[in-house]
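Bear in mind that the values here come from a model prediction, so they are computed numbers and not experimental data. Atom set for the values below is all heavy atoms of this structure, side chains included, hydrogens, waters and symmetry mates excluded. Reminder, nothing fancy here: chain letters follow the sequence lines and each chain counts from 1.
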Amino acid sequence: MPELPEVEHAARALARATSGARIVRAKVLHPYVGRNLRKTSLRRLVGRAIARVERRGKHQLAMLDDGSMLHVHFRMTGDWVVSSREQELPRFARFVLELENGARIVLADPRALSTVEVLEPGASLATMLGPDAVSEQFDAAHLRTALARRRIAIKPALLDQSVVAGIGNIYAAEALWLARIDPRVPASRLGARDVERLVRAIRRVLSRGRDGSGRYTTAGSARLNVYDREAKRCPRCGTSIARIVQAARSTYWCPGCQVNPALRATRP
DNA sequence: AGGAGCCTGCGC
DNA sequence: GCGCAGGCTCCT
């Protein structure tokens with residue numbers, strides 16, 4: 001369940017379940033999930049306490065008391081299941097952490113695309129991340145600069161985690177709809193006012209998008225205005241919602257009210 | 001810039 | 001069956 005609000009929720013759940021507790025066991029149950037792990041590094045976790053948990057974009061970092069870090073990425077379908085050691089493992093359990101307080105934290109992921117790795121003290125994430133989408137560092141000035149020389153369309157640009165960290169496919173579409181921007185517009189063609197609207201739209205979209213459990217849904221959700229709604233009516237203008245493919249990902253958008261800013265300028 | 005691929009389940 | 005999926009990396 002991999003968009004930023006969901007990862008934030010998951011990271012908090014992890015923090016709550018672990019807070020200060022020592023790890024007594026750490027085990028990968030699916031080889032693909034541990035593909036970035038060196039054979040011995042999981043054992044280094046045993047005996048360490050989890051001091052705190054941070055989220056950076058959609059990455060989770062559990063900071064251990066010796067300065068090393070447990071780095072987890074849910075990709076498409078990962079999630080934490082918190083229970084106790086006596087309970088049965090949940091379906092799709094791919095990685096298990098057991099704590100001396102009796103808690104058991106399981107990474108459940110049907111597709112097993114999640115990754116778990118241990119970073120040495122002082123190491124940093126291998127990926128370049130832009131400012132977090134819900135941080136103050138992410139503002140119109142930053143986004144404008146980051147997009148200035150990009151010739152790719154704005155929608156795939158928003159998915160580029162080095163531009164801004166934490167936006168996924170669903171909320172990229174939803175934010176562009178809110179800001180009334182055509183997803184196909186070259187990123188560098190957005191004007192200052194478009195970028196400002198877009199930043200506000202991103203903030204709004206990321207501040208909703210969750211039900212009480214921290215999950216989101218697609219079909220049947222009143223919150224999603226365009227995503228997964230091909231051929232349905234745009235809630236704003238009634239036009240039939242379109243689906244296109246950009247950078248091999250689905251983009252849903254409204255051809256009626258999401259306009260190309262360049263065209264808007266020539267037709268006042 | 002575009003596509004394949006990773007792995008598995010689900011809906012048609 | 002087949003095609004699709006909320007992400008990301010790596011390759012042409």
Indicate yes or no: does [X] engage [Y] in a salt bridge with an N to O separation below 4.0 Å.
| X | Y | result |
| --- | --- | --- |
| A:R56 | A:E54 | yes |
| A:D228 | A:R243 | no |
| A:R94 | A:D109 | no |
| A:R204 | A:E174 | no |

Between [X] ([atom1]) and [N] ([atom2]), how many Å, whole number?
| X | N | atom1 | atom2 | result |
| --- | --- | --- | --- | --- |
| A:L29 | B:dT8 | CG | C1' | 16 Å |
| A:N36 | C:dG7 | CG | P | 18 Å |
| A:D79 | B:dG9 | CG | C1' | 16 Å |
| A:H73 | B:dC6 | NE2 | C1' | 14 Å |
| A:N169 | C:dA5 | CG | P | 8 Å |
| A:R111 | C:dC8 | CZ | P | 13 Å |
| A:Y32 | B:dG5 | OH | P | 12 Å |
| A:Y252 | C:dC4 | OH | C1' | 9 Å |

Check: So, A:S68 and A:E120: side-chain donor and acceptor under 3.5 Å apart, yes or no?
Finding: no

Next item on the list: Verify the contact: side-chain N or O of A:Q161 to OP1 or OP2 of C:dG7, cut-off strictly under 4.0 Å; return yes or no.
Entry: no

Notebook entry, point to check: Is A:H59 near enough to C:dG7 that one of its side-chain N or O atoms lies under 4.0 angstrom from OP1 or OP2?
Noted result: no

Item checked: Watson-Crick or G-U stems of DNA chain B, 3 or more pairs, under 3.5 Å, by first number -> B:1-6 with C:7-12, B:8-12 with C:1-5

Pick base, sugar-phosphate or nothing for [X], based on heavy-atom distances below 4.0 Å to the nucleic acid.
| X | answer |
| --- | --- |
| A:R249 | base |
| A:S250 | sugar-phosphate |
| A:R243 | sugar-phosphate |
| A:L159 | nothing |

Next item on the list: Assign the ring pair A:W80 / A:F95 to parallel, tilted or perpendicular, where the plane angle (0 to 90°) is split at 30° and 60°.
Entry: tilted

[X] side chain, from C-beta outward: closest of [options]:
| X | options | answer |
| --- | --- | --- |
| A:L113 | B:dC7, B:dT8, C:dA5 | B:dC7 |
| A:I152 | B:dG9, B:dA1, C:dT9 | B:dA1 |
| A:K58 | C:dC8, C:dT9, C:dA5 | C:dC8 |
| A:R75 | C:dC8, B:dT8, B:dC6 | C:dC8 |

Check: When you compare B:dC7 with C:dG1, how far apart are their P atoms, in angstrom units rounded to a whole number?
Finding: 22 Å

Item checked: Those residues that, when tested against A:R236, pass side-chain hydrogen bond (donor to acceptor under 3.5 Å, both in side chains) (two or more places apart) -> none

Note to self: I'd like to know if A:R151 reaches the base of B:dA1 with its side chain such that a donor and an acceptor end up less than 3.5 angstrom apart.
What the structure shows: no

Notebook entry, point to check: Who else is in the cluster with A:V96 when I, L, V, M, F, W and Y are joined by side-chain contacts under 4.5 Å?
Noted result: A:L29, A:V81, A:L89, A:V106

